[in-house]
2 protein chains.
Amino acid sequence: MKHPNCPQCPLRRSAVFKQADKAALSFIQKMKTGHQRIPAGHEVIREGDADPRVYTLYSGWAFRYKTLSDGRRQILNFLLPGDLIGFQAQMFDAAPHAVQTLTEAELCVMSRRSIWSLFEASPELAFDATWLTAHEEGVVDDNLLTVGRRNATERIAALLMYLYRRARAIDLLERDALALPITQAHIADALGLSLVHTNKSLRRLHRLNICHFSHGRLVMLDPRAMRTMADYFDSPIAQRPLI
Amino acid sequence: MKHPNCPQCPLRRSAVFKQADKAALSFIQKMKTGHQRIPAGHEVIREGDADPRVYTLYSGWAFRYKTLSDGRRQILNFLLPGDLIGFQAQMFDAAPHAVQTLTEAELCVMSRRSIWSLFEASPELAFDATWLTAHEEGVVDDNLLTVGRRNATERIAALLMYLYRRARAIDLLERDALALPITQAHIADALGLSLVHTNKSLRRLHRLNICHFSHGRLVMLDPRAMRTMADYFDSPIAQRPLI
DNA sequence: CGGCGGCTTGACTAAATTCAAATACCGTGG
DNA sequence: CCACGGTATTTGAATTTAGTCAAGCCGCCG
């Protein structure tokens, strides 16, 4: 597939992404070796993969997850356009988690050695990559707080709030609704809940006119109640680097 | 307090830590601006602290945590000698989590701008710092899997197994026992359980002759059963950088 | 000795899971 | 257009797990 033109990348038009200077852009361009289209529901990285590639999600949704040997699955985080995929994995012997697409997705593929060259050639970009790693860690910290200390309804409110804000930041809203390409099973697996209980809690949020999610559409009916319910702190979404 | 001598640091004698070359060592030495001793049970970093410092834990135990506004606390991870403290926080506006000591602890204090200088001056050390960040993220991923998808006994087994292995890696065992400076309340807060239920599960593990933890002493009675119970994967502990 | 923090236990309650079954939605092929 | 099959959602009931409340105990320190 044709190489994308990084300096012209439409993602960069979004205000969430930090401006990159000429040098950085040309370096990023050099790191990219291809562009890949993956259908919905496919694995981008398998748990345990040796030497997996590094990608940037260009379009579509995906998620990171881990499984226990008896099949129980825990979703660690959801991935949206602009997210780096497989960067942590590249630093170790094998991928510590799997990544699967939720929708058809386009990926920018990085050359295998680009990680190291990043550190050698560009302190700024190395810093950016580290920033993204630290940021991802922060998100998982938040999720751990959610799963460990919030009850079912609070968990759902916190997760939906988070996804809503992330999607809004990259202009993925249509009016007041959001097309969330996930099922209730994904919500359950992200929050450490059973599918049935997830459904019941979701219905409760709907009954209370707080939010409505079904068939992949999320509508925030009462954002304020949502925030209260989730004990959600509005850390202003920082500008993030795009590599 | 007297500056420590990094090249002679006794921590570096442990086989878990990667060899650092002369240049790296001297740079690390330059970054260190002091050495600090903190009593047990004190906060090193408070949630929300603006511009917190970066430290390396030199001796003692600590833990990272977050709280909800009504006081519910979630421990994110435990910190042992060699761990970086506050590195992620330094990259953002404010510390996203707090850090508290479990024992008296000694900290190597880094100069405030050292993070950035690291990236500028030494690709190797920058890579190491990123590696540590990515590694920490991996641990939180594991914890999220534990809290989200394991039941109470499995959670406890997984946590104790993890702490045991970490402590062993830096030669903190005394015979087959480990001095774990935590209370059952810490275990509960790390695993998203109530104190009472934690106690009951711990007693069950003891009754089954799998492990025994009380008064800060952990004895592994049946490591194999422990592993099975926790569905624990023995990823060989990699050599890690020490900054 | 008294007090305090941490551990232990039992009884009760609440939350979440499991099981089971019905219903709605969506794309395919007749 | 409708029937069909598969996936996703919804609901109720029974069960299990974990949380809450309350009290007693243990060990240590002043």
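Letters A, B, ... are given to chains in the order of the sequence lines, protein chains preceding strands, and every chain is numbered from 1.
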Salt bridge flag under 4.0 Å for residues Arg217(B) and Glu174(B):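 Counted as a salt bridge, because a side-chain N and a carboxylate O are separated by less than 4.0 Å.
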In terms of heavy-atom contacts, does CG of Asp93(B) have more than 12 from other residues, nucleotides or ligands at under 6.0 Å?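 Atom CG in Asp93(B) is not crowded, with 12 or fewer foreign heavy atoms closer than 6.0 Å.
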With a 6.0 Å cut-off (strictly less than), is the heavy-atom count around CZ of Arg165(A), excluding the residue itself, greater than 12?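 More than 12 within 6.0 Å, yes.
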Quick check on DNA chain D: between His197(B) and His215(A), whose nearest nucleotide comes earlier from the 5' end?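 First, find each residue's nearest nucleotide; the 5'-ward one identifies His215(A).
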Of the candidate nucleotides dT18(C), dA11(C), dC7(C), which contains the atom at the shortest distance from the side chain of Lys200(B)?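 Given the options dT18(C), dA11(C), dC7(C), the side chain of Lys200(B) is closest to dA11(C).
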Of the listed nucleotides (dC21(D), dC7(C), dA18(D)), which one gets closest to any side-chain atom of Gln184(B)?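 Taking heavy atoms from C-beta onward, the closest nucleotide is dC7(C).
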If you look at every strand shown and take non-hydrogen atoms under 4.0 Å, does [X] touch a base, only sugar-phosphate, or nothing?
{"X": "Leu193(B)", "answer": "sugar-phosphate"}
{"X": "Thr183(B)", "answer": "sugar-phosphate"}
{"X": "Gly41(A)", "answer": "nothing"}

Separation of [N] [atom2] from [X] [atom1] (nearest whole Å):
{"X": "Asn199(B)", "N": "dT20(D)", "atom1": "CG", "atom2": "C1'", "answer": "14 Å"}
{"X": "Ile156(A)", "N": "dA15(C)", "atom1": "CD1", "atom2": "C1'", "answer": "13 Å"}
{"X": "Glu154(A)", "N": "dA15(C)", "atom1": "CD", "atom2": "P", "answer": "11 Å"}
{"X": "Leu102(A)", "N": "dT7(D)", "atom1": "CG", "atom2": "C1'", "answer": "16 Å"}
{"X": "Asn151(B)", "N": "dT15(D)", "atom1": "CG", "atom2": "P", "answer": "20 Å"}
{"X": "Arg207(A)", "N": "dT10(D)", "atom1": "CZ", "atom2": "C1'", "answer": "12 Å"}
{"X": "Arg203(A)", "N": "dT23(C)", "atom1": "CZ", "atom2": "P", "answer": "15 Å"}
{"X": "Ile182(A)", "N": "dT9(D)", "atom1": "CD1", "atom2": "P", "answer": "9 Å"}

Between Arg12(A) and Leu242(A), is there a donor-acceptor pair closer than 3.5 Å when you use the side chain of the first and the backbone of the second?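 Such a contact is found between Arg12(A) side chain and Leu242(A) backbone.
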Does the plane of the ring in His135(A) sit parallel, tilted or perpendicular to the ring in Phe92(B)? Use 30° and 60° as the thresholds.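 Rings of His135(A) and Phe92(B): perpendicular, over 60°.
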